[in-house]
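Take a look at the structure below.
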Amino acid sequence: MSADLLAKGLVCETPDDRPGRSRGRGRPRVLLEIQADGALIIAASLTWQGAFEATFVNLAGEFLYGSSKPVAVHDTIDSLILELMSILETIIGDSPFDAHQIARIAIALPGAVDSRNGLVRWIPTLPRGNSPVAAIIQQRLNVPVTIESDLEALARARYWFSDGPMPPSFMLLHIGFGVGAAHYVNDAPRMTTSGISEFGHVKTDFGADARACFCGGKGCVTAYSSMSGILEKVGRWDPRSENMEQLSATFQRVMRMASEGDSATIEIFQEAGRHLGVALANQINANDPGHVIIQTSVQGLAALLEPSFHRALEINAVPVVLERTSFQSEVPPDDWRWKGAAALALEQIYSRE
Ligand SMILES: [Zn+2]
């Protein structure tokens with residue numbers, strides 16, 4: 001990754017006074033030399049399978065060591081965070097590294113994370129709170145800690161670890177058990193006032209029988225277009241189930257039914273595509289993202305949401321904006337979690353030198 005860091009201007013061989021070079025947020029002002037093995041960062045994340053993963057990465061963004069442990073079910077954000085902290089301590093203790101080598105820890109969490117202030121405000125399935133998660137972990141482990149939402153981590157991973165050149169601005173739309181989005185604008189993540197944006201709760205149905213959403217509202221796009229929304233509609237969603245692997249396997253079976261021509265199941269995927277298209281059209285109209293990367297957790301889902309998705313886009317997006325927007329769909333690589341958190345930690349380290 002060090003070549004990427006150089007190319008993207010985080011690490012400079014000379015003071016960054018080349019003509020035309022951006023001096024925006026997060027760019028270093030002085031000579032930096034990568035001492036890749038002198039210090040390390042920990043990129044951690046809570047996965048949808050209910051595990052807490054911690055990956056040790058050197059300052060050039062290279063994988064050194066990784067471990068993951070299952071997380072118990074919790075009633076509050078605070079008790080969840082206490083367990084995550086104790087898992088982190090165990091993983092650090094079991095690792096071949098000394099704690100004093102750790103320059104920073106970055107943690108990606110699902111939900112509404114105020115990264116700038118280090119607060120977790122909401123994790124779906126848990127009551128809302130304002131937990132100062134970064135400060136709590138930082139105090140206990142005596143290492144700088146940054147947290148962010150996993151959607152932001154996904155966008156960072158996509159930007160920093162891309163195989164080819166990335167456009168400076170793009171919107172990343174992710175469809176998994178929830179629906180979410182993150183934006184990059186001019187080579188930096190778009191920062192909203194509190195760092196929170198909830199694309200999944202954009203409303204796409206205002207009818208009296210609009211579906212209820214886990215946020216407490218009705219008619220949210222995630223209730224129609226997420227894997228859990230689709231499973232609920234086909235009567236295969238069990239909100240009490242904690243076995244996400246099993247739910248994922250059930251979803252694959254439902255996808256197979258649609259692929260094999262079951263018309264009722266096809267219609268459910270078309271409805272999901274329609275709602276996603278309406279929500280995205282409104283985002284495009286309002287934000288002009290230029291490029292949209294549509295990531296689905298499972299292979300083949302994007303094809304099933306077509307063609308209703310594109311029809312809804314064409315009906316609802318303003319032509320002058322739509323014709324300037326490019327789209328691509330893909331499945332994110334398995335290692336995006338640590339890469340996204342690592343990119344956040346490295347950004348923090350290099351922008352503070
Ligand atoms: Zn909602």
Side-chain angles (χ1 to χ4, degrees), residues 151 154-155 158 167 169-183 199-207 209-211 213 218-237 247-333:
L151 256 305
L154 197 52
R158 192 64 179 75
S169 302
F170 66 92
M171 172 182 179
L172 186 144
L173 172 61
H174 183 259
I175 303 130
F177 282 106
V179 170
H183 293 258
F199 174 80
H201 304 280
V202 165
K203 307 297 184 267
T204 54
D205 189 345
F206 301 93
D209 55 355
R211 285 190 213 166
C213 176
K218 283 177 87 177
C220 303
V221 63
T222 199
Y224 296 85
S225 308
S226 66
M227 288 163 58
S228 41
I230 292 168
L231 280 175
E232 193 162 357
K233 183 70 181 173
V234 295
R236 306 281 189 91
W237 174 253
L247 286 170
S248 200
T250 308
F251 190 78
Q252 301 272 3
R253 281 197 296 279
V254 174
M255 281 184 31
R256 213 170 309 127
M257 283 165 66
S259 306
E260 288 167 359
D262 181 80
S263 57
T265 314
I266 290 172
E267 175 44 37
I268 290 167
F269 279 99
Q270 292 298 305
E271 183 184 37
R274 233 169 9 248
H275 283 270
L276 197 65
V278 170
L280 184 57
N282 285 325
Q283 288 290 305
I284 289 172
N285 290 346
N287 294 311
D288 179 25
H291 185 63
V292 180
I293 301 168
I294 300 162
Q295 289 192 336
T296 56
S297 291
V298 292
Q299 192 80 46
L301 175 55
L304 285 173
L305 301 176
E306 299 267 5
S308 62
F309 167 71
H310 269 286
R311 243 191 340 262
L313 261 184
E314 273 169 14
I315 292 168
N316 296 290
V318 178
V320 71
V321 182
L322 185 60
E323 66 199 18
R324 285 170 178 75
T325 310
S326 52
F327 298 87
Q328 68 180 107
S329 63
E330 62 188 27
V331 173

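Along the sequence shown, the residues carry numbers beginning at 1.
- Here the side chain of N287 pairs no donor or acceptor atom with the backbone of P289 at under 3.5 angstrom.
- By the 30° and 60° cut-offs, the orientation of the rings of Y224 relative to H275 is parallel.
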Candidate pair R311 and Q270, rule side chain to side chain contact (heavy atoms under 4.5 Å, CB included), full reasoning: CA-CA 10 Å; R311 243 191 340 262; Q270 292 298 305; 4.3 Å; yes
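- Counting all heavy atoms, side chain and backbone alike, S225 lies closest to I175 at O-CG2, 3.3 Å.
- For the pair C220 and K203, the minimum side-chain heavy-atom distance is below 4.5 Å.
- Taking NZ of K233 as the start and OG1 of T265 as the end, the distance is 11.5 Å to the nearest 0.5 Å.
- No donor-acceptor distance shorter than 3.5 angstrom exists from the side chain of T222 to the backbone of G178, with no hydrogens or angles considered.
- M171 places a side-chain heavy atom less than 4.5 Å from the side chain of L280.
- How far CD of Q328 is from CG of L172: 9.0 Å, rounded to the nearest 0.5 Å.
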Verdict with supporting geometry, Q283 and V292, side chain to side chain contact (heavy atoms under 4.5 Å, CB included): CA-CA 11 Å; Q283 288 290 305; V292 180; over 6 Å; no
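- Rounding to the nearest 0.5 Å gives a distance of 4.0 Å between CZ of F251 and CD1 of I230.
- Nearest approach of L305 to F269, heavy atoms of both residues: CD2-O, 3.5 Å.
- The shortest distance between side-chain heavy atoms of L173 and I293 does not fall below 4.5 Å.
- The shortest side-chain heavy-atom distance between L313 and T325 does not fall under the 4.5 Å cut-off.
- Listed here is the closest heavy atom pair of G200 and V221: O-CG1, 3.3 Å.
- The salt bridge (charged side-chain N to carboxylate O under 4.0 Å, His left out) test applied to E306 returns no partner, not counting sequence neighbours.
- In plain terms, the two heavy atoms of L151 and G180 that are nearest each other are CD1-C, 3.7 Å.
- The heavy-atom pair separating A279 from V202 by the smallest distance is CB-CG1, 4.1 Å.
- The closest side-chain heavy-atom distance from E232 to R211 is not below 4.5 Å.
- Just one residue in the list M257, R256, M255 forms a side-chain contact (heavy atoms from CB on, under 4.5 Å) with R253, and that residue is R256.
- Taking OG of S226 as the start and NE2 of H174 as the end, the distance is 11.5 Å to the nearest 0.5 Å.
- Between the CG atom in L322 and the NE2 atom in H310 there is a gap of 9.0 Å [rounded to 0.5 Å].
- Looking only at side-chain heavy atoms (C-beta outward), F177 and L231 come within less than 4.5 Å of each other.
- S308 and R274 get closest at one heavy-atom pair: OG-N, 3.4 Å.
- Judged purely by atom type and a 3.5 angstrom limit, N316 has no side-chain atom pairing as donor or acceptor with the backbone of N285.
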